[in-house]
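To start, the structure itself, in structure tokens.
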There are 2 protein chains.
Amino acid sequence: MAKIKDNTTDQTLCPVARAETVVGDRWTVLVLRELFARSHRFEEIQAQTGGTPQMIAARLKKLEADGMVTRRVYNKHPLRHEYHLTEKGAAFFPVLMALRAWGETWCKSPREGRSMNYTHLVCGKPAGLGPVCESCGEPVHREDMAGERTPKYQRERDARWEAFKAAR
Amino acid sequence: MAKIKDNTTDQTLCPVARAETVVGDRWTVLVLRELFARSHRFEEIQAQTGGTPQMIAARLKKLEADGMVTRRVYNKHPLRHEYHLTEKGAAFFPVLMALRAWGETWCKSPREGRSMNYTHLVCGKPAGLGPVCESCGEPVHREDMAGERTPKYQRERDARWEAFKAAR
DNA sequence: TCTTGTGACTATGAATTTCATAGCAATATG
DNA sequence: CATATTGCTATGAAATTCATAGTCACAAGA
């Protein structure tokens, strides 16, 4: 099995470098995105990230070893697992939100518009992109947020799932 | 020169995936950290990230191509450049801060303590780890923050620079 | 019973990337 | 004229990635 490099852990006090030994990898971040999007099964994660089975298996294994993810049995005979975020994994949410905000703002052509819209459940209005709700000004937490995909983005994801299923 | 993979750009509407095509790489993030830490020269960046010259050269080149970084001549004869963040690059600050917060909280043993402490210049008190100042509750911006390294972490960086200089 | 399907992977091997070590080019300095 | 400085480039071995294919354990239908 392919091991993922665990560069310089504990070689530095820098918290950014420390964090990057865990999540400093494209596939890992995409896997985390899927877990936050409530895709808990191997196939869903593979389909939506577009990774090969090894890529996904290796990331999930490393995420589990790093305490970000737990495997939960949902079926014995045959043994099947679902992947869920631990507290440490869930705490990564603000990073993903910041990355999303940056991506929406700087990695899109204007005519593409947003892909996700979050509602701040505390005030019931749009939360916007920032760490505080654009409607009520309160700092937002994951449990107070309801994310909704735009129809276009939802269609993209549906199509990816169909294509994945069709390919086997 | 080693090209860095530019996977799936524009293949998806997902802002996280889009962002990851730009910054989904450990070295890239460490280079950005150095630019935010006001290390503007190739050698400083190389020394503090611990990358090989090719790694750093390739990331800086890609960051420039992606509009994150500009090269600024600070000396002709011989021609020398400094690397600076563009607006797009500077906008990445919240992501790094979120990553730092997560790293400080989840990638350290308790006895290690913090590596950086930020002061919120608006209220003059500690800003803490979150996106809003822990002292005054206001959302923090990069220009209102003064970061200070703990002595231990500062020593670590000084030592890295010395070691780098000594090795050549 | 035999076949097909499902979910979660593992195996293989070619193509890429990374890492470590060296080296170079164009001055500046002594 | 020799050495130092800065910012890279070159080389080749080692590791990683990617695409394609296959496996394994069981379930369900023909």
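A, B, ... follow the sequence lines: proteins, then strands. Residue 1 opens every chain.
Per the geometry, CZ belonging to B:R26 stands 13 Å off P belonging to D:dT16, to the nearest Å. In this structure, B:I45 atom CD1 and D:dG7 atom P are separated by 9 Å, rounded to whole Å. Atom P of nucleotide D:dT16 and atom CG of B:D25 are separated by 15 Å, given to the nearest angstrom. Taking atom CZ of residue A:F164 and atom C1' of nucleotide D:dT20, one finds them 14 Å apart after rounding to whole Å. Spacing between atom CD of B:E82 and atom P of D:dG7 amounts to 9 Å, rounded to whole angstrom units. For A:M55 and D:dA15, the CE to C1' distance is 12 Å, given to the nearest whole Å. In this structure, CD of B:Q46 is placed 12 Å from C1' of D:dT9, rounded to the nearest angstrom. D:dA4 atom C1' lies 10 Å from atom NZ of B:K165, rounded to whole Å.
In this structure, A:K125 has no salt bridge (charged side-chain N to carboxylate O under 4.0 Å, His left out) partners at least two apart in sequence or on a different chain. Every residue meeting the salt bridge (charged side-chain N to carboxylate O under 4.0 Å, His left out) condition with A:R41, not counting sequence neighbours, appears here in chain and number order: A:E82. Under the ring pair (Phe, Tyr, Trp, His ring centres under 6.0 Å) criterion, A:H141 pairs with no residue, sequence neighbours left out. Judged as a salt bridge (charged side-chain N to carboxylate O under 4.0 Å, His left out), and not counting sequence neighbours, the contacts of A:E64 are A:R71.
Among the nucleotides D:dT9, D:dC18, C:dC9, the one closest to any side-chain atom of B:K61 is D:dT9. The B:Y74 side chain lies nearest to D:dG7 when the options are D:dC18, D:dG7, C:dC19.
Between A:W27 and the phosphate of D:dC18, there is a side-chain N or O to OP1/OP2 separation shorter than 4.0 Å. Close to D:dC8, at under 4.0 Å from its OP1 or OP2, lies a side-chain N or O of B:Y83.
With respect to the salt-bridge test (charged N to carboxylate O, under 4.0 angstrom), the residues A:E34 and A:R157 qualify.
Listed by first and then second residue, the ring-ring contact (aromatic ring centres under 6.0 Å, His included) pairs involving residues 30-49 of chain A are A:F36-A:F93, A:H40-A:H84 (not counting sequence neighbours). Residue pairs that meet the ring-ring contact (aromatic ring centres under 6.0 Å, His included) test with at least one member in residues 115-136 of chain B, sequence neighbours left out, do not exist here. Residue pairs meeting the side-chain hydrogen bond (donor to acceptor under 3.5 Å, both in side chains) criterion with at least one member in residues 86-95 of chain B, sequence neighbours excluded, do not occur.
Residues from residues 30-43 of chain B placing a heavy atom under 4.0 Å of any atom in DNA chain C do not occur.
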Quick tally for nucleotides 22-30 of chain C: nucleotides whose base has a protein heavy atom under 4.0 Å get B, sugar-phosphate-only ones S, the rest -, giving -----SS--
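Other members of the cluster containing A:W161 are A:F164, with ILVMFWY side chains joined at under 4.5 Å, either directly or via other members. With side-chain heavy atoms closer than 4.5 Å counting as contact, directly or through intermediates, A:Y74 stands alone and belongs to no larger hydrophobic cluster.
Among B:E148, B:R149, B:M97, B:Q154, the single residue meeting the side chain to side chain contact (heavy atoms under 4.5 Å, CB included) criterion with B:M116 is B:R149.
Between its two ends, the helix from C:dT1-D:dA30 to C:dG30-D:dC1 turns its axis by 10°, counting five pairs per end and rounding to 10 degrees.
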